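Working notes, beginning with the structure itself.
Because the structure is predicted, anything quoted here is derived from the model rather than measured.
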Amino acid sequence: MDSIDDDDDVPQLSSHALAALQEFYAEQAQQNTEHLEPEHKFSVGAVEEDWQLSQFWYSDETALNLAKELIQSCGENGRIACVSTPSIYQKLKGLSAENISVCLLEYDRRFSVYGDDYVFYDYNDPLNLPESLEQHSFDLVIADPPYLSEECLRKTAKTIKFLARSKVLLCTGILTSLLHCRTLRLSCILYT
């Protein structure tokens, strides 16, 4: 019986083909968001969910309640980091909280329409952040990891710990949230 090397059967793109594919996806993302009217730019659902990216937006009511809680907890002139929570970012911006700075860390490049507020974020490389995001520079970090796996939560926790000065709102399963809040040694407001 012949031995088959599994690696030989796995198709791989050349670096040029991969770059072209990534450029195509970026252009497609731009086209999908060009239709956004300025007055609807920050509406929850203005950018559709992409289930392949494990995206599930909060309802408008939930996003509003969370955004109000964040604004109240953050205080005047506060800074909020939204990690994998684009619908919360949209609601915060829609509330026009001018005295609060909001940053969206998100994998989906369609959210680059939000300009300097958007930071590309991949939980697989949790500390690959621009220099402008300094350690402990956010008064409050809200995060909703895209997957419930321990690996995803652990890596997202590294990002949270790096960004948060003290307050964290972690939106995920209750037992996982308690574990990570304890691990991070941060004040966590838990929503399930």
* How would you list, by chain and number, every residue that makes a side chain to side chain contact (heavy atoms under 4.5 Å, CB included) with D116, sequence neighbours excluded? ->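 For D116 there are no side chain to side chain contact (heavy atoms under 4.5 Å, CB included) partners, ignoring immediate neighbours.
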
* Among all residues two or more places apart in sequence or in another chain, which pass the side chain to side chain contact (heavy atoms under 4.5 Å, CB included) test with E76? ->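 Partners of E76 under the side chain to side chain contact (heavy atoms under 4.5 Å, CB included) test: N99.
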
Does any part of the side chain of [Y], heavy atoms only, come nearer than 4.5 Å to the side chain of [X], both counted from C-beta?
X: Y123; Y: T159; value: no
X: N77; Y: I100; value: no
X: C152; Y: P146; value: yes
X: L104; Y: P86; value: yes
X: L64; Y: L95; value: yes
X: L170; Y: P145; value: yes
X: L92; Y: C82; value: yes
X: L169; Y: L70; value: yes

* Name the one of V168, L129, L127 that satisfies side chain to side chain contact (heavy atoms under 4.5 Å, CB included) with L163? ->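 Of V168, L129, L127, side chain to side chain contact (heavy atoms under 4.5 Å, CB included) with L163 is met by L129 alone.
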
* Asked: Closest heavy-atom contact between L105 and A81?
  ->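 Smallest heavy-atom distance, with atoms named: CD1-CB, 4.2 Å.
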
* Asked: Roughly how far, to the nearest 0.5 Å, is CG of N65 from NZ of K91?
  ->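 Reported value, rounded in 0.5 Å steps: 10.0 Å.
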
* Rounded distance (nearest 0.5 Å) linking atom CG of L66 with atom CD1 of I71 ->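 One gets 11.0 Å once the value is rounded to the nearest 0.5 Å.
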
* Going through the checks in order, is the side chain to side chain contact (heavy atoms under 4.5 Å, CB included) test met by I142 and C171? -> CA-CA 7 Å; I142 179 168; C171 301; 4.1 Å; yes

* To do: Only counting residues at least two apart or in another chain, list the ones meeting side-chain hydrogen bond (donor to acceptor under 3.5 Å, both in side chains) with N128.
  =>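 Listed in chain order: D125.
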
* Can you name the residues that form a side-chain hydrogen bond (donor to acceptor under 3.5 Å, both in side chains) with T156, not counting sequence neighbours? ->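 T156 satisfies side-chain hydrogen bond (donor to acceptor under 3.5 Å, both in side chains) with no residue once adjacent residues are dropped.
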
Is the backbone of [Y] close enough, under 3.5 Å, to the side chain of [X] for a donor and an acceptor to pair up by distance?
X: S112; Y: R109; value: yes
X: K167; Y: S73; value: yes
X: Y118; Y: E106; value: yes

* Test side chain to side chain contact (heavy atoms under 4.5 Å, CB included) on S84 and Y107 and set out the steps. => CA-CA 7 Å; S84 303; Y107 184 81; over 6 Å; no

Tabulate below the donor-acceptor pairs under 3.5 Å that side-chain atoms of residues 131-140 make, not counting sequence neighbours, or state none.
| from | atom 1 | to | atom 2 | distance (Å) |
| --- | --- | --- | --- | --- |
| H136 | ND1 | A164 | O | 2.8 |
| S137 | OG | R79 | NH1 | 3.4 |
| S137 | OG | E134 | O | 2.6 |
| D139 | OD1 | R165 | NH1 | 2.3 |
| D139 | OD2 | R79 | N | 2.7 |

* Asked: Have Y114 and Q90 got a donor and an acceptor in their side chains that come within less than 3.5 Å?
  ->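 The criterion, which ignores hydrogens and geometry beyond distance, is satisfied for Q90 and Y114.
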
